[in-house]
Amino acid sequence: MGSVLISSSLARALLTSVALVASVLLAGCDTDQVSLATNAKANQPVSPKLLAAMTEKDMDLQSPILVRLFKQEAELEVWKQTRSGQFALLKTYPICRWSGDLGPKVREGDRQAPEGFYSINPSQMNPQSAYYLSFNTGYPNAFDRALGRSGSQLMVHGDCSSRGCYAMTDEQIAEIYSLGRESFFGGQKAFQFQAYPFRMTPVNMAKHRNNPNMAFWKMIKEGNDHFEVTRQEPKVDFCEKKYVFDASKTPGATRDPVFDASAKCPAYVIPEDVANAVREKQEKDEAEYARLVSRGTPVARMNTGIDGGMNKVFAAKIPEGSTGLSEGAEGSTLQMLAMSKAPGTIPGSVNPPRPNLEPVAASPQSEPVVAVPSQASNTRVAAAAPADKSQDNSQGGGFFSGLARKMGMGSADTTATASPPPATTASATPPTAASRLKAAVTRFVPGHGTAKDASKDAPKETAKEAAKPVAAAKPADPKPDTRVAASRPPLKPSVSDSAAAAGSKDAQLAGAAPVMSSNSFDSRFGAVK
């Protein structure tokens with residue numbers, strides 16, 4: 001039975017397309033329907049798999065659609081109206097690439113992808129797109145224009161490349177385009193496009209509570225709540241430079257209210273059943289939000305110079321791929337996803353996003369540890385985590401200093417600076433057993449090597465010898481580089497162990513001097529274990 005329905009729906013779609021092409025040839029008119037399907041790309045039929053999903057969910061091929069999009073999760077949803085009249089989720093598409101930061105687009109050239117509610121009519125569908133296929137989001141809408149925001153040609157398109165747009169793969173946009181086309185053929189005048197920074201859940205609102213865009217996000221969350229409780233496309237209006245959802249005329253009024261985004265709001269009411277359902281949802285969300293904040297839910301880090309995001313499904317297919325600001329753990333998760341099939345072809349020119357680690361403003365959660373010269377004569381290894389107190393107590397406060405002197409290090413000249421010479425860069429490779437044995441023999445057996453055993457004769461060393469830097473040692477000396485970085489006491493626990501242990505340029509906090517990894521003691525002094 002299901003296969004019969006699929007065949008019937010597919011045949012109806014093909015007949016509709018043929019009839020459309022025939023009418024174009026006969027009439028020669030430039031209609032909205034003509035612009036929808038002028039080439040093979042724009043006229044691809046809906047896939048049998050998607051037709052089967054429609055049948056299962058009691059949807060018609062040409063029933064209205066609605067699109068929702070979430071930046072942080074890098075997901076685009078296509079909802080479709082069922083025969084009951086409510087919308088149901090048909091399919092979720094991972095977004096291949098989006099640019100900018102979380103937050104609305106403000107001006108031309110800011111690389112921001114728009115957020116808000118937009119209406120897509122047939123004239124906004126572009127079958128001749130340079131990015132395979134596309135549709136224009138309609139930015140700026142009346143709300144954006146009332147705030148003086150600028151920008152143009154903000155699209156949802158293929159080619160997985162973005163400069164202020166939402167980019168899918170060619171295969172994905174072909175399927176989304178076909179769903180929009182069929183809804184227009186079925187009589188839908190325009191479908192709604194809802195773009196959000198993230199899924200509007202209490203936990204996401206709590207994480208981003210300090211973001212300067214929160215007032216705007218709360219405003220569009222109300223539209224999200226209207227859709228969530230009614231499963232109907234919310235009616236969108238603008239007045240007093242704000243969004244208004246599901247407004248209707250007041251009792252006794254003879255005509256619908258007239259809205260102007262820059263003018264005072266007219267008298268209007270929201271249907272009581274909708275208003276009550278939205279209020280109940282908002283009260284529940286606010287209670288959960290308050291609970292999360294009281295429990296100390298961490299605040300999401302704010303960044304500058306970011307480069308948008310990419311769904312982890314696509315990041316897993318790209319060498320050194322990163323999800324950027326998109327939600328989704330990396331590491332083993334990306335490694336597992338790398339074995340799965342990508343939902344579409346990824347062009348070779350795609351560059352994964354690179355999240356910027358520079359904080360907008362210093363905070364207790366993001367304050368960097370900077371390696372600076374110490375005022376004391378001894379030096380300490382800069383580490384992300386505080387030093388082991390039991391070890392400090394057993395060895396005394398000068399343990400690292402004495403050990404540095406034994407290895408022939410000075411107290412000031414060997415401190416890491418903001419730009420260490422390449423010749424003195426510490427090696428991240430652990431010493432081999434042979435090198436450790438040779439280093440031990442060199443240090444403890446008289447007559448071997450150039451370094452002197454200073455374990456007992458340290459007080460007899462001259463000031464010149466004590467201050468002698470490691471760079472003066474012979475190049476053939478097998479000892480690993482024994483320079484250590486001094487930190488500003490006390491060590492800040494705000495930098496994670498993983499960030500400190502990375503030791504790479506990408507992991508270094510912008511503006512901070514190099515810091516040594518937390519395991520540098522083992523790698524540098526392994527010879528005396």
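All values derive from a computational prediction rather than experimental measurement.
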Using every non-hydrogen atom in the two residues, find where Ala142 and Phe238 come nearest and quote the distance to one decimal. CB-CD1, 3.7 Å
Will you find, in the side chains of Arg68 and Asn224, an N or O donor that is under 3.5 Å from an N or O acceptor? yes
Judged by modelled atom types alone, do Gln194 and Gln192 share a side-chain donor-acceptor pair under 3.5 Å? yes
Might you work through the salt bridge (charged side-chain N to carboxylate O under 4.0 Å, His left out) test for Lys312 and Glu327, ending with a clear yes or no? CA-CA 8 Å; Lys312 58 186 178 181; Glu327 186 72 25; over 6 Å; no
Scanning both residues in full, the closest heavy-atom pair of Asn213 with Pro104 reads OD1-CD, 3.5 Å
May I ask you to decide if Glu272's main-chain N or O and Asn276's side chain share a donor-acceptor pair within less than 3.5 Å? yes
Check whether any side-chain N or O of Arg181 sits under 3.5 Å from a backbone N or O of Ala42 as a donor-acceptor pair, and report yes or no. yes
Correct closest heavy-atom pair for Pro122 and Lys189 would be CD-O, 3.3 Å
Scanning both residues in full, the closest heavy-atom pair of Met310 with Pro353 reads CB-CD, 3.8 Å
For Tyr268 and Phe259, take the angle between the two ring planes, folded into 0 to 90°, and tell me which bin it lands in: parallel under 30, tilted 30 to 60, perpendicular over 60. tilted
Taking the side chain as every heavy atom from C-beta outward, state whether Tyr166 and Pro114 have any pair of such atoms under 4.5 Å apart. yes
Measure up the His226 and Phe245 rings against each other and bin them: parallel (under 30°), tilted (30 to 60°), perpendicular (over 60°). tilted
Working for salt bridge (charged side-chain N to carboxylate O under 4.0 Å, His left out), residues Asp101 and Arg111: CA-CA 8 Å; Asp101 197 354; Arg111 290 181 62 85; over 6 Å; no
Donor + acceptor pair across side chains of Trp217, Glu115 (<3.5 Å): yes
Return the CG to OG distance between Leu292 and Ser294, rounded to the nearest 0.5 Å. 7.5 Å
Report the distance from atom CD of Glu108 to atom OG of Ser152, rounding to the nearest 0.5 Å. 4.0 Å
One should read off an interatomic distance between Glu288 CD and Glu283 CD, to the nearest 0.5 angstrom, of 14.5 Å
For the backbone of Ser150 and the side chain of Tyr139, can you confirm whether one donor and one acceptor N or O come within less than 3.5 Å of each other? yes
Which of Asn136, Asp144, Thr137 passes side chain to side chain donor-acceptor pair (under 3.5 Å) with Tyr118? It is Asp144
Distance-only polar pair, side chains of Tyr289 and Asn204, donor-acceptor under 3.5 Å: no
Considering all heavy atoms of both residues, which atom of Leu76 and which atom of Ile176 are nearest to each other, and what is their separation? CD2-CD1, 3.9 Å
Side chain to side chain contact (heavy atoms under 4.5 Å, CB included) with Ser326: which of Phe314, Phe198, Trp98? Trp98
Can you tell me if Asp60 uses its side chain to pair, donor with acceptor, with the backbone of Gln62 under 3.5 Å? no
For Cys239, does its backbone N or O pair with a side-chain atom of Lys264 as donor and acceptor, under 3.5 Å? no
About how many Å separate CG of Leu50 and NZ of Lys91, when rounded to the nearest 0.5 Å? 6.0 Å
Please confirm whether the backbone N or O of Ala37 pairs with a side-chain atom of Asn43, one donor and one acceptor, at under 3.5 Å? no
For Thr82, does its backbone N or O pair with a side-chain atom of Asp58 as donor and acceptor, under 3.5 Å? no
Would the Phe184 and Phe191 ring centres measure less than 6.0 Å apart? yes
Without swapping roles, check the side chain of Arg107 against the backbone of Arg149 for a donor-acceptor pair under 3.5 Å. no
Point-to-point distance, once rounded to the nearest 0.5 Å, from CE of Met205 to OG1 of Thr201: 8.5 Å
Say whether Gln124 and Asn121, considering side chains only, have a donor N or O and an acceptor N or O under 3.5 Å apart. yes
With rounding to the nearest 0.5 Å, note down the distance linking CD1 in Ile95 to OG1 in Thr169. 11.5 Å
Any side-chain to backbone donor/acceptor pair from Glu240 onto Lys242? Under 3.5 Å, distance only. no
With distance as the sole criterion, is a donor-acceptor pair present between the side chains of Gln188 and Ser183 under 3.5 Å? yes
So, does Ser99 use its side chain to make a donor-acceptor pair with the main chain of Gly164 at under 3.5 Å? yes
Cation over ring face, Lys80 and Phe87, 6.0 Å, 45°: no
Against Arg199, only a single residue in Gln72, Glu75, Glu73 fulfils side chain to side chain donor-acceptor pair (under 3.5 Å); can you say which? Glu75
Quick check: closest heavy atoms across Gly100 and Leu325, and the distance to 0.1 Å? O-CD1, 4.2 Å
I would like to know whether Phe143 and Tyr243 meet ring pair (Phe, Tyr, Trp, His ring centres under 6.0 Å); could you show each step before the answer? CA-CA 7 Å; Phe143 168 81; Tyr243 279 82; 4.9 Å; yes
